[in-house]
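The next block holds one structure in the form of structure tokens; read it before the comments.
No hydrogens, no waters, no symmetry mates; every other heavy atom, side chains included, goes into these values. Quick caveat: nothing in here was measured; it's all calculated off a predicted structure.
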Amino acid sequence: MPAFSRFLRYFMAVGRLGSIRRAADELNISASAIDRQILNVEADLGMPLFERLPTGLRLTAAGEIMMAAGSRWQKNLTDVRAQIEDLRGLKRGHVDIAIIDALAKGYIPGAIRAIQSRYPGITIGVRVLENDRVRDAIASGEADFGILFEPQSYRDLTVRAFVEVVLGFLTPAGHPFGDQREARFSACAGSPLIVPAEPLAVCQQIAVLEGTSGLQIDRTATSDNIQMITSLVLQGVGIGILTSLDVITEVRRGLLNFTRISDPILRPMTLALCTAPARTPSYAAGIVLGEIESGFAQLSYPASIERADL
């Protein structure tokens, strides 16, 4: 193993664990060998990478830079290995995806199941993140590609596919409100509401509706978790406000109804499948990206909320 790659392996273990001894145990290498590698590089750089504290080691500013570089190096090495496997004609490799919480059920798990049945040599890591963190993961190379809301303001992303998603009222099956396909925001006046909280992406749209309508809504419950909001609606706690994307599975199963909020000021949100323009996907990432892109349209409104029995 080249000396620099060996040093980064040791350094990143120490940075992650905060201890040379723990890193030595994990790597099954002597603590003195790790310490010597770190000291040599610190001497070459002319500055320390760690603060030596009584409780352990803590990264300095220089150490933070080295840690970030090491993460990129590991990702690049994985991509190089995947490209070499491509030359050998092997459909294998690892692919990292970053998605928002709304996609943690339904389409993405189903797509991964289909991909792995066809390409068992490809492994997939899925990170469920806040919307802005998905963008960061794509741009930094932590993820091969990702899916997020409203990408047009991000210059460091390439949009591969997109659909429109709308905001609406969520009611349990049999609720009279659910018979309406569309309704104005004012229709919820006097009803108990279950409202998304930050950092969910729809919060800004709800704030715009409140401001323009002048309506003081009855927030019976709030949550920053889509599944919790859905569960509270199913329990009859109140009317929920979520996007068409959030409730695809429950609406198709007939458990919930979705009524689009039709106020003219409210524009659809853009859900986009994005890559980093500076990176060429590995062969494995290209396969997974293509499979997910081919079915992306089913996440749009109104196709996404059609009942399975219609």
Side-chain angles (χ1 to χ4, degrees), residues 100-105 129-135 147-154 162-252 254-272 299-307:
I100 55 175
D101 184 56
L103 294 166
K105 59 183 178 179
L129 305 169
E130 296 175 12
N131 200 69
D132 287 347
R133 282 290 298 122
V134 173
R135 176 258 181 197
I147 305 174
L148 70 159
F149 278 125
E150 306 298 340
Q152 63 267 23
S153 61
Y154 302 133
F162 69 92
V163 295
E164 290 190 337
V165 174
V166 300
L167 195 67
F169 296 117
L170 188 62
T171 50
H175 193 288
F177 199 88
D179 294 335
Q180 304 176 59
R181 187 171 181 81
E182 294 186 350
R184 297 294 290 267
F185 184 65
S186 57
C188 72
S191 298
L193 295 181
I194 306 162
V195 183
E198 294 286 356
L200 293 180
V202 299
C203 291
Q204 185 176 358
Q205 289 197 317
I206 295 173
V208 169
L209 288 169
E210 287 186 276
T212 56
S213 67
L215 183 66
Q216 296 292 320
I217 62 176
D218 177 10
R219 283 177 165 81
T220 295
T222 61
S223 178
D224 62 356
N225 182 271
I226 291 169
Q227 186 56 55
M228 176 56 70
I229 294 171
T230 304
S231 298
L232 290 172
V233 174
L234 287 168
Q235 290 293 325
V237 173
I239 295 174
I241 301 179
L242 287 172
T243 73
S244 54
L245 177 70
D246 298 323
V247 293
I248 291 175
T249 303
E250 291 81 6
V251 172
R252 285 179 174 171
L255 299 174
L256 294 173
N257 296 315
F258 181 84
T259 302
R260 178 181 182 178
I261 298 174
S262 58
D263 294 52
I265 196 170
L266 196 65
R267 65 175 180 81
M269 301 173 70
T270 299
L271 180 76
L299 297 174
S300 66
Y301 177 87
S304 63
I305 60 165
E306 292 177 352
R307 286 274 299 275

Residue list, salt bridge (charged side-chain N to carboxylate O under 4.0 Å, His left out) with E210, at least two apart or on another chain: R219

L209 vs L167 side-chain heavy atoms within contact, under 4.5 Å: yes

Min side-chain heavy-atom separation V134-I147 under 4.5 Å: no

Neighbour count >12 (heavy atoms, 6.0 Å) for atom CD, E198: yes

Expected output: side-chain K105 to main-chain V247 donor-acceptor under 3.5 Å: no

Distance-minimising heavy-atom pair for T259 and G178: OG1-CA, 4.1 Å

Residues which pass side-chain contact (heavy atoms from CB on, under 4.5 Å) with V208, listed by chain and number, not counting sequence neighbours: T212, I265

Any residue meeting salt bridge (charged side-chain N to carboxylate O under 4.0 Å, His left out) with D263, in chain and number order, not counting sequence neighbours: R184

By side-chain contact (heavy atoms from CB on, under 4.5 Å) - contacts of A201 (at least two apart): F149, M269

Side-chain donor-acceptor pair present, S231, Q235, cut-off under 3.5 Å: no

CZ/F162: more than 12 non-hydrogen atoms of other groups inside 6.0 Å: no

L242 vs V233 side-chain heavy atoms within contact, under 4.5 Å: no

All ring pair (Phe, Tyr, Trp, His ring centres under 6.0 Å) counterparts of F185, not counting sequence neighbours: none

Those residues that, when tested against Q204, pass side-chain contact (heavy atoms from CB on, under 4.5 Å) (two or more places apart): none

